[in-house]
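Note that the structure is predicted; figures quoted are calculated from it, not measured. All residue numbers refer to positions in the sequence shown, counting from 1.
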Amino acid sequence: MNKYTNKNDKTEKNIMNTTLTLMQSYEFSNITMNQIAENAKLNRVTLYRHFDDKWDILERIEKDFFQAAEAPHQKMIEQLKNASEDYQDARSVLAEFLEIFANNLDILEVLMNDNGDSRFTSKLLNFLLKREKLSHPVLGINDLGVNQEMLSYYEISGLVGIIKFWTKHRQYKAKDMADFFFAVRTNEVKGIKQLK
């Protein structure tokens, strides 16, 4: 990485962090590029050299988070292929995947709060739904004989709720969140099997 690229990355990171900091106190719709430039200690020309507008900054923050979550999810799928049938291995694999959320709780809290992007929770839901669909064949969800899409929406909506809860209750670890999710999920699967 050359010196210019490194400086560019630092400037963009500064702009994104400044935007997130402002979003802790102000609704995103009320934040201006002038505020971002001033708080980032940059002139407007520099700010606009890196981002077209505040929506471009927000999109980049979200894109960076989703990209960071892709590799851990792929790793999770590979680990699930080798996991045992009793869900214990799957729990620990999910806990490992949830570390990406644990490491980004500050960002997630800002994006999911009332000042954040009102569309982010929906984007997160859709991101996780796509990944859930990739996990179904590995977890045997396809064999339950129920509407898989409905089950996915139900479970992933719950996972998004757990993540939102987690942003407010930081004392919990990724393992705690995975244990809770699987305890609920195990009972769901038992209930679904009884419906047959």
Salt bridge flag under 4.0 Å for residues Asp56 and Lys63: no
Distance from [X] atom [atom1] to [Y] atom [atom2], nearest 0.5 Å?
| X | Y | atom1 | atom2 | answer |
| --- | --- | --- | --- | --- |
| Ile156 | Leu128 | CD1 | CG | 5.5 Å |
| Trp166 | Phe180 | CH2 | CZ | 13.0 Å |
| Glu12 | Ile61 | CD | CD1 | 11.5 Å |
| Glu59 | Arg119 | CD | CZ | 6.0 Å |
| Ile107 | Met16 | CD1 | CE | 8.5 Å |
| Met112 | Thr121 | CE | OG1 | 4.0 Å |

[X] [atom1]: over 12 foreign heavy atoms closer than 6.0 Å:
| X | atom1 | value |
| --- | --- | --- |
| Tyr48 | OH | yes |
| Asp114 | CG | no |
| Lys41 | NZ | no |

Name of the residue among Ile162, Leu159, Leu124, Thr167 meeting side-chain contact (heavy atoms from CB on, under 4.5 Å) with Phe101: Leu124
Are any non-hydrogen side-chain atoms of [X] and [Y] less than 4.5 angstrom apart?
| X | Y | answer |
| --- | --- | --- |
| Arg170 | Leu105 | yes |
| Gln24 | Leu20 | no |
| Ile57 | Met33 | yes |
| Glu96 | Lys75 | yes |
| Arg131 | Phe127 | yes |
| His50 | Arg60 | no |
| Leu111 | Leu58 | yes |
| Lys130 | His73 | no |

Ring centre gap for Phe120 and Phe66 strictly below 6.0 Å: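 Yes, close enough.
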Looking at every heavy atom in both [X] and [Y], which two are closest together, and how far apart are they?
| X | Y | result |
| --- | --- | --- |
| Asn113 | Val110 | OD1-O, 3.1 Å |
| Gln35 | Ile31 | OE1-CA, 3.1 Å |
| Ala183 | Arg91 | N-NH2, 4.3 Å |

Derivation of the side-chain contact (heavy atoms from CB on, under 4.5 Å) call for Met150 and Tyr154: CA-CA 6 Å; Met150 186 187 321; Tyr154 177 77; 5.7 Å; no
Trace of the side-chain contact (heavy atoms from CB on, under 4.5 Å) decision for Glu62 with Asp117: CA-CA 10 Å; Glu62 294 172 356; Asp117 179 3; 2.6 Å; yes
Distance-only polar pair, side chains of Asn43 and Thr46, donor-acceptor under 3.5 Å: yes
Whether Phe165 and Tyr172 hold their rings parallel, tilted or perpendicular, with breakpoints at 30° and 60°: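 Tilted: the ring planes of Phe165 and Tyr172 meet at 30° to 60°.
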